[in-house]
Amino acid sequence: MSNTTTTSTSATKRPVVVFGPSGTGKSTLLKRLFADYPATFGFSISNTTRSPRAGETPGKDYHFLTRPEFLAAIDRNEFIEHAEFSGNMYGTTVQAVKDVADAGKVCILDIDVQGVKSVKETNLGARFVFIAPPSREELEARLRGRGTDDEKSILKRLEAARGELEYGDSPGACDIKIVNDDVGAAYKKLVDFIFSE
Ligand SMILES: Nc1ncnc2c1ncn2[C@@H]1O[C@H](COP(=O)(O)OP(=O)(O)OP(=O)(O)O)[C@@H](O)[C@H]1O
């Protein structure tokens with residue numbers, strides 16, 4: 001499908017894209033949002049080439065595609081983002097985001113800068129929220145404090161943060177920049193923004 005021939009997203013269900021460096025607190029804020037408003041928001045269902053695991057339902061947990069199908073969808077420019085992990089391909093299509101709006105929910109996308117740029121080339125009509133850390137030092141402290149990454153991964157994330165912060169502050173990159181200093185205050189800003197239309 002091309003971006004111009006698909007059904008348009010309802011104006012009241014514009015997707016919200018949340019981006020910012022790893023460790024700024026995107027998951028923390030979104031977890032709270034989904035807990036407080038379970039019926040309002042949704043995540044898109046990803047596509048993958050990996051096999052379904054026991055208990056997984058196609059079209060609910062993932063859209064399961066063969067590798068040739070996945071590659072053809074890439075060629076048709078259907079993906080907002082895609083990547084390969086451990087020999088399997090994963091990605092989010094424009095249609096998967098529209099499906100969330102069609103189900104009456106606001107789709108929340110937690111994606112990287114490459115994905116943000118890609119969403120801007122679609123007709124999804126998304127709004128963009130840049131979550132920034134109070135400082136580089138604090139970002140490093142949070143990545144270490146989280147305890148989920150080894151030293152190599154932390155340094156890689158901090159290196160990537162440089163470009164992500166630069167992009168977030170560039171003109172037109174986002175509709176709102178939220179500095180996640182006090183988490184309660186940041187959450188309130190996020191909720192106020194999301195419900196502001
Ligand atoms: N305002 C805050 N003050 C202090 N610590 C915070 C704040 N917000 C989040 N944290 C903590 O910082 C760490 C990183 O947060 P989180 O995992 O939500 O980041 P993320 O942006 O989702 O990262 P990734 O992109 O890697 O998924 C977590 O340990 C979280 O508890």
Side-chain angles (χ1 to χ4, degrees), residues 14-38 40-48 50 61-62 79-86 88-93 96-97 100 105-120 124 126-170 173-196:
R14 294 172 69 193
V16 174
V17 174
V18 175
F19 72 99
S22 173
T24 40
K26 300 180 298 292
S27 309
T28 304
L29 293 166
L30 294 180
K31 207 173 152 198
R32 195 161 157 187
L33 187 73
F34 275 74
D36 286 352
Y37 306 96
T40 308
F41 302 102
F43 285 125
S44 57
I45 296 166
S46 297
N47 290 259
T48 183
R50 82 154 164 73
D61 298 292
Y62 280 99
F79 282 95
I80 288 169
E81 61 173 7
H82 60 83
E84 185 150 1
F85 300 106
S86 315
N88 293 308
M89 305 192 75
Y90 295 83
T92 303
T93 60
V97 175
V100 177
K105 294 188 174 189
V106 176
C107 184
I108 302 286
L109 286 155
D110 176 350
I111 52 180
D112 65 15
V113 163
Q114 218 38 55
V116 170
K117 290 177 180 169
S118 176
V119 169
K120 288 185 176 176
L124 285 168
R127 299 192 291 156
F128 298 88
V129 180
F130 171 36
I131 308 290
S135 66
R136 254 185 89 73
E137 292 70 31
E138 177 61 20
L139 180 64
E140 185 167 350
R142 284 184 195 171
L143 281 171
R144 291 188 192 287
R146 186 165 72 173
T148 54
D149 302 276
D150 60 21
E151 186 62 21
K152 200 174 150 203
S153 166
I154 288 171
L155 294 177
K156 206 171 140 197
R157 285 165 197 267
L158 285 171
E159 181 53 34
R162 219 180 274 274
E164 287 157 354
L165 291 172
E166 206 170 292
Y167 174 75
D169 281 325
S170 66
C174 65
D175 296 294
I176 185 172
K177 174 183 178 179
I178 298 174
V179 177
N180 182 19
D181 191 347
D182 174 75
V183 72
Y187 179 66
K188 186 173 182 316
K189 283 180 193 159
L190 178 67
V191 168
D192 286 351
F193 172 77
I194 287 180
F195 288 104
S196 68

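Note that ligands are numbered from 1 as they come in the structure, with each ligand's atoms numbered from 1 the same way.
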Kindly say whether I80 contributes a backbone atom to a donor-acceptor pair with the side chain of S118 at under 3.5 angstrom? yes
Should R157 and E140 count as an ion pair when the cut-off is N to O under 4.0 Å? no
Output the list of atoms in ligand 1 that are nearer than 4.0 Å to some heavy atom of D181, sorted by atom number. 1 (N), 2 (C), 3 (N)
Got a sec: does the NZ of K120 have more than 12 other heavy atoms crowding it under 6.0 Å? yes
Can you pull out the closest protein heavy atom to atom 8 (N) of ligand 1? Residue, atom name and distance to 0.1 Å, please. N180 ND2, 2.9 Å
On the six-membered ring of Y90, is R50 placed so that its NZ or CZ lies under 6.0 angstrom from the centre and within 45° of the ring axis? no
Answer yes if the side chains of T28 and R32 hold a donor-acceptor pair under 3.5 Å, and no otherwise. no
Hey, is A186 touching ligand 1 through its side chain, its backbone, both or neither, going by heavy atoms under 4.0 Å? neither
Tell me whether R142 is salt-bridged to E138, with the criterion being a basic N under 4.0 Å from an acidic carboxylate O. yes
Check ligand 1 against R157 and write out every atom of the ligand that is under 4.0 Å from a heavy-atom position of the residue. 26 (O)
For ligand 1, which atoms, with element, lie under 4.0 Å from some heavy atom of T24? 19 (O), 21 (O)
I need the nearest protein heavy-atom contact for atom 19 (O) of ligand 1: residue, atom name and distance, please. G25 N, 3.1 Å
Select the closest option to atom 13 (C) of ligand 1 among K31, R142, E164, judged by heavy-atom distance. R142
Has ligand 1 got any nitrogen or oxygen that is less than 3.5 angstrom from a nitrogen or oxygen of R146? yes
Protein residue, atom and distance nearest to atom 14 (C) of ligand 1, heavy-atom basis: G23 O, 3.5 Å
Specify the protein heavy atom at minimum distance from atom 25 (O) of ligand 1: its residue, its atom name, and the distance to 0.1 Å. K26 NZ, 2.8 Å
Charged N-O contact under 4.0 Å between E166 and R162: no
Return the closest protein heavy atom for atom 26 (O) of ligand 1 as residue, atom name and distance. S22 OG, 2.6 Å
Among all protein heavy atoms, pick the one closest to atom 31 (O) of ligand 1 and tell me residue, atom and distance. T28 OG1, 4.1 Å
Are Y167 and F130 an aromatic pair, judged by ring center distance below 6.0 Å? no
Does the residue G145 have a heavy-atom contact with ligand 1, meaning some pair of atoms that are separated by less than 4.0 Å? no
Residue, atom name and distance, where the atom is the protein heavy atom closest to atom 27 (O) of ligand 1: S27 OG, 3.5 Å
